[in-house]
Amino acid sequence: MKLLFRRRIKASDRKAVAAVTSSTGFFNREEVLVAVELVDERLLKGPKSGYAFLFCQEGEGPVLGYTCYGRVPGTKESFDLYWIAVDRRAQGQGIGRRLLGLTEKDIARKGGARIYLETSSRDLYGRTRAFYSSSGYVREAVLRDFYAPGDSKVIYVKELIKPPF
Ligand SMILES: CC(C)(COP(=O)(O)OP(=O)(O)OC[C@H]1O[C@@H](n2cnc3c(N)ncnc32)[C@H](O)[C@@H]1OP(=O)(O)O)[C@@H](O)C(=O)NCCC(=O)NCCS
C-alpha cells in the first residue's frame with residue numbers, strides 16, 4: 001500500500017474528517033462537528049487559524065487518517081495535538097504512528113518543544129493510551145471526573161529533543 005501524506009487542506013476534507021472520526025465509533029455527533037469546525041476554520045483563515053493538518057491517503061483514494069495540531073496560543077514552544085484519528089478499517093497498520101511521527105517533525109520544524117494531548121480515562125481508550133505511551137508520551141496530569149463522573153481527562157506530554165545545532 002503506497003501511502004501519501006499531505007499537509008495542504010482541501011474543501012473535500014470536511015467530509016473526509018467527518019467520515020474518519022465517525023468510523024472510529026469513539027466520538028459522538030457533537031465531537032465530530034467540532035472536528036469539522038476546525039477544518040472550516042483552517043479553510044477560512046489559513047495558517048492564521050492556528051490549526052495545521054496532516055492527512056494520509058492511499059493514492060487518490062479516501063483519507064485514511066489525519067492529525068490536527070497547533071501552537072497553544074500565548075505559549076512560546078508548546079503545541080497541542082487536537083485530533084488524531086485513523087479510519088476504523090485502516091487501524092493497526094502503522095498509519096497512526098506514521099501520522100504522529102510526521103506531525104512531531106512538523107512541530108519541531110515550527111519551533112515546538114513540547115506536545116500536549118488529552119484523552120479519556122475510559123476503558124474504551126485503553127489502546128489509545130497504550131499508543132501514546134509507546135510513542136513516547138508521558139502522563140502529566142489527570143483531571144478527575146472531568147468529562148463525566150468516572151471519566152477523567154488524562155493529559156500527556158512529549159518533549160521533543162532539539163538537535164544540538
Ligand atoms: C489511536 C489511533 C490513532 C492509532 O492509530 P493506528 O493506525 O490504529 O495505530 P498504529 O497501527 O500506528 O499503531 C498501533 C498501536 O497503537 C495501539 N492501538 C490503538 N488503537 C488501536 C486499534 N484500534 N487497533 C490496533 N492498535 C491500536 C496499539 O497499542 C498498537 O501498538 P503496537 O503496534 O505496539 O501493537 C487509532 O487507532 C484511532 O483512530 N483510534 C480511535 C480514535 C482515537 O482514539 N483517537 C485519539 C483520541 S484521544
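When a ligand or atom number is given, it counts from 1 through the structure's own listing order. If you're wondering where the values come from, they're calculated on a predicted model, not measured in any experiment.
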Nearest non-hydrogen protein atom, [atom]:
atom: atom 16 (O) of ligand 1; result: Phe131 CD1, 3.2 Å
atom: atom 32 (P) of ligand 1; result: Arg97 NH2, 3.7 Å
atom: atom 40 (N) of ligand 1; result: Gln91 NE2, 3.6 Å
atom: atom 11 (O) of ligand 1; result: Gly94 N, 2.7 Å

Check your understanding: Looking at Gln91, Arg97, Arg98, which one forms a side chain to side chain contact (heavy atoms under 4.5 Å, CB included) with Val86?
Key ->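 Going through the options one by one, the only one that passes is Gln91.
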**Study point:** Candidate pair Leu3 and Leu64, rule side-chain contact (heavy atoms from CB on, under 4.5 Å), full reasoning
**Key:** CA-CA 9 Å; Leu3 295 177; Leu64 298 175; 3.8 Å; yes
**Study point:** Contact check, Ser134 vs ligand 1, heavy-atom distance below 4.0 Å
**Key:**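 Under 4.0 Å: no for Ser134.
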Point to revise | Stepwise side-chain contact (heavy atoms from CB on, under 4.5 Å) check, Lys45 with Tyr51 | key: CA-CA 9 Å; Lys45 299 184 183 156; Tyr51 300 116; over 6 Å; no
Counting both backbone and side chain atoms, is some N or O of [X] under 3.5 Å from an N or O of ligand 1?
X: Phe27; result: no
X: Thr119; result: no
X: Ala85; result: no
X: Tyr132; result: no
X: Gly96; result: yes
X: Arg127; result: yes
X: Glu118; result: no
X: Ile84; result: yes
X: Gly92; result: yes
X: Tyr125; result: no

Exercise for review: Indicate whether any N or O donor in one side chain lies under 3.5 Å from an N or O acceptor in the other, for Thr119 and Thr128.
Suggested key: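 Not at all, the side chains of Thr119 and Thr128 share no donor-acceptor pair under 3.5 Å.
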Point to revise | Protein contact for atom 20 (N) of ligand 1 (heavy atom, distance under 4.0 Å) | key: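 Protein heavy atoms within 4.0 Å of atom 20 (N) of ligand 1 - there is at least one.
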Check your understanding: Counting only non-hydrogen atoms of the protein, does one fall under 4.0 Å from atom 46 (C) of ligand 1?
Key ->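 When distances to the protein are checked, atom 46 (C) of ligand 1 has a heavy atom within 4.0 Å.
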Exercise for review: Name all residues meeting the side chain to side chain donor-acceptor pair (under 3.5 Å) criterion together with Arg114; count only those two or more places apart in sequence or in a different chain, and write none if there are none.
Suggested key: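 With neighbours one apart ignored, the set is Tyr116, Glu159.
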Practice item. Keeping to residues at least two apart or across chains, list the salt bridge (charged side-chain N to carboxylate O under 4.0 Å, His left out) pairs with something in residues 63-82. Key: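 Residue pairs passing salt bridge (charged side-chain N to carboxylate O under 4.0 Å, His left out), neighbours aside: Glu77-Lys162.
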Check your understanding: Under 3.5 Å, is there a donor-acceptor pair between the side chain of Arg88 and the main chain of Ser22?
Key ->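 Checked: no pair found.
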Check your understanding: Does a side-chain heavy-atom distance below 4.5 Å link Arg14 with Leu43?
Key ->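 Yes, close enough: below the 4.5 Å cut-off.
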Practice item. Kindly indicate whether the side chain of Asp151, heavy atoms from C-beta on, has any atom under 4.5 Å from the side chain of Ser121. Key: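 Yes, side chains in contact.
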Point to revise | Tyr125/Phe26 aromatic ring centres below 6.0 Å | key: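 Distance test on ring centres: under 6.0 Å, yes.
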Check your understanding: If you round to the nearest 0.5 Å, how far is CG of Leu100 from NZ of Lys158?
Key ->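 Reported value, rounded in 0.5 Å steps: 6.5 Å.
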Exercise for review: Using heavy-atom distances, let me know which of Val154, Thr128, Val86 sits nearest atom 39 (O) of ligand 1.
Suggested key: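 Answer by nearest heavy atom: Val86.
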Practice item. Please determine if Arg109 and Asp106 form a salt bridge, counting it only when a charged side-chain N lies under 4.0 Å from a carboxylate O. Key: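 Yes.
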Point to revise | Region of Gln93 that comes within reach of ligand 1 [heavy atoms, distance under 4.0 Å] | key: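 Under 4.0 Å from ligand 1, Gln93 contributes backbone atoms alone.
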